[in-house]
Each structure stands twice: as C-alpha cells, then as structure tokens.
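Data first, discussion second: the structure below is written as structure tokens.
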Amino acid sequence: MVVESGTTSDLASQSLELVNRELSSTLDAARREIESYVDVQAGNDALLRAAGMLHLAAGALKIVEVHGAAMLAEEMEQTCRTLPEFEDRTVIERGVEALTRAMVQLPAYLERLLSGGRDVALVLLPLLNDLREARNRPQLSEGTMLLIGGGPFEAKQ
C-alpha cells in the first residue's frame, strides 16, 4: 500500500476535529483554574487541578498525534505541578506569566491546525523554554525539537 504525502497529517487533522470540543472544554477549565490562582481566589490547589486537566489534554493530543501541542500541554502541566514548590515570588510570577501566555497560545495553535496548518513544534520552542526556565529545567534546542517530531522533518515510519 502506498501512502501519499500529507495523508498522516490529514488523518491527524481529522482526529483532532473529533476530539476538539472536549479538548477545548478541558483547556478552558484549566485556564479558569489558572486565572483563579492568579486572581488570588484560589490557592495552590487551583494549579494542581489545572495540571490534571492539562494532563488529560496532553494525553488526547498524543493520541491524535499532535506532537507540538502535546509537548506544550505537558510542559504546562509540569509547570502547574512545580510552581507550588517555590517560595520565591519572582520565580512564581515568571512561571505564572509563562503559563498565562501558553494558555492563550495552545488554543490558537490548535485552531491553526484545524484550519489546515501543519504541526510544527519548533514554533513553540520559545514558549516551551520559558515554561522550562520557570521550573529551572534545561532549555530545549532546535535540534531536540526536530528529533521529537511534529515538524516538517519528522521521522518517516
């Protein structure tokens, strides 16, 4: 069987369309939890609830093979889980700021994919590294992103 170029991408796009409603609802709930934390209406539990929702979103994105978005959701989840461990207010504020930007970027990225765009994880690299920096984790390189996949150079199976 010969698989035409772009078929895998088309299949991922169709799969994403199937889960998009639930995914959007889950991401919206996670965003509300993060906003609640930022507005000091809720404590660290709000971040942990957001982390749980982001975990579900990352899993769904992996299943539909949207690698860049799945990676972003995972980094967001880890940031939500790690921020309560810090006491330095500056570190926490930097992490919350990165999370807030990511909560805007992830749905926009998914919308771009749904309208026919490619999953190019490399465009998310600066935001991924901001989330990692907030947790004192090493930065990802462009080479790492290409090895992970989700871009025009992803490995052929």
Side-chain angles (χ1 to χ4, degrees), residues 8-9 12-13 15-16 19-20 22-24 26-40 42-114 117-157:
T8 303
S9 179
S13 179
S15 299
L16 180 58
V19 300
N20 185 50
E22 276 304 312
L23 193 54
S24 293
T26 301
L27 291 174
D28 192 47
R31 179 189 50 77
R32 284 192 307 271
E33 291 292 346
I34 292 169
E35 287 175 353
S36 189
Y37 175 81
V38 169
D39 295 338
V40 193
N44 291 335
D45 287 344
L47 285 178
L48 297 177
R49 285 189 298 271
M53 290 173 219
L54 289 164
H55 181 78
L56 294 173
L61 289 164
K62 283 180 187 177
I63 289 170
V64 298
E65 297 182 5
V66 181
H67 304 289
M71 185 183 302
L72 181 57
E74 286 177 334
E75 291 293 339
M76 293 168 68
E77 174 194 353
Q78 291 306 315
T79 302
C80 284
R81 291 192 191 287
T82 304
L83 281 182
E85 298 172 8
F86 292 106
E87 293 182 19
D88 184 343
R89 199 71 207 148
T90 305
V91 171
I92 294 169
E93 288 173 8
R94 191 171 62 232
V96 167
E97 192 267 326
L99 273 173
T100 303
R101 284 188 293 120
M103 282 308 309
V104 172
Q105 182 84 23
L106 183 54
Y109 186 79
L110 293 173
E111 282 300 317
R112 184 176 147 274
L113 295 178
L114 285 168
R118 292 191 64 174
D119 182 18
V120 183
L122 192 58
V123 301
L124 300 171
L125 182 60
L127 187 52
L128 290 166
N129 279 334
D130 287 348
L131 289 164
R132 293 177 68 80
E133 182 180 331
R135 301 189 330 265
N136 295 320
R137 302 292 303 152
Q139 302 286 294
L140 298 172
S141 68
E142 288 183 17
T144 302
M145 298 301 289
L146 295 175
L147 288 173
I148 291 170
F153 304 108
E154 71 185 319
K156 303 289 183 216
Q157 297 180 347

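Fair warning: this is a prediction, and the values are worked out from it, not measured in the lab.
- Separation of atoms NE2 (H67) and CG (L72) is listed at 14.5 Å; rounding is to 0.5 Å.
- The salt bridge (charged side-chain N to carboxylate O under 4.0 Å, His left out) contacts involving residues 101-112 comprise E97-R101, R101-D130, where partners must be two or more places apart or lie in separate chains.
- The closest side-chain heavy-atom distance from L110 to L27 is below 4.5 Å.
- Applying the side chain to side chain donor-acceptor pair (under 3.5 Å) test to every pair with at least one member in residues 54-64, sequence neighbours left out, gives these pairs: H55-E77, K62-E74.
- Residues satisfying the side-chain hydrogen bond (donor to acceptor under 3.5 Å, both in side chains) criterion with S141, sequence neighbours excluded, are T144.
- The CE atom of M103 sits 4.5 Å away from the CE atom of M76 when rounded to the nearest 0.5 Å.
- In terms of heavy-atom proximity, V96 sits nearest to V38 at CG1-CG2, 3.2 Å.
- Rounding to the nearest 0.5 angstrom, the gap separating the CG atom in L122 from the CG atom in L128 is 10.0 Å.
- At most 12 heavy atoms of other shown residues, nucleotides or ligands fall within 6.0 angstrom of atom CD in E22.
- For T79 (side chain) and E75 (main-chain N/O), a donor-acceptor pair under 3.5 Å exists by modelled atom type.
- Listed by chain and residue number, A58, L61, L106 satisfy the side-chain contact (heavy atoms from CB on, under 4.5 Å) test with A73 (two or more places apart in sequence, or in another chain).
- Taking every heavy atom of both residues into account, L113 and G117 meet most closely at CD2-O, 3.4 Å.
- Separation of atoms CG (L114) and CG (L16) is listed at 4.0 Å; rounding is to 0.5 Å.
- For the atom pair M71 CE and L125 CG, the distance stands at 9.0 Å (nearest 0.5 Å).
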Table please: side-chain donor-acceptor pairs of residues 83-93 below 3.5 Å, with sequence neighbours left out.
from, atom 1, to, atom 2, distance (Å)
D88, OD1, T90, N, 2.9

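- For the pair Y109 and L124, the minimum side-chain heavy-atom distance is below 4.5 Å.
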Side-chain donor/acceptor pairs under 3.5 Å, residues 44-54, sequence neighbours excluded:
from, atom 1, to, atom 2, distance (Å)
R49, NE, E33, OE1, 3.1
R49, NE, E33, OE2, 3.2
R49, NH2, E33, OE1, 3.1

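- Applying the salt bridge (charged side-chain N to carboxylate O under 4.0 Å, His left out) definition to pairs two or more places apart or across chains, none involves residues 51-60.
- Contact record, A98 with L127: O-CD1, 3.8 Å, taken as the closest heavy-atom pair.
- Residues passing the salt bridge (Lys or Arg N to Asp or Glu O under 4.0 Å) test with R31, sequence neighbours excluded: D28, E35.
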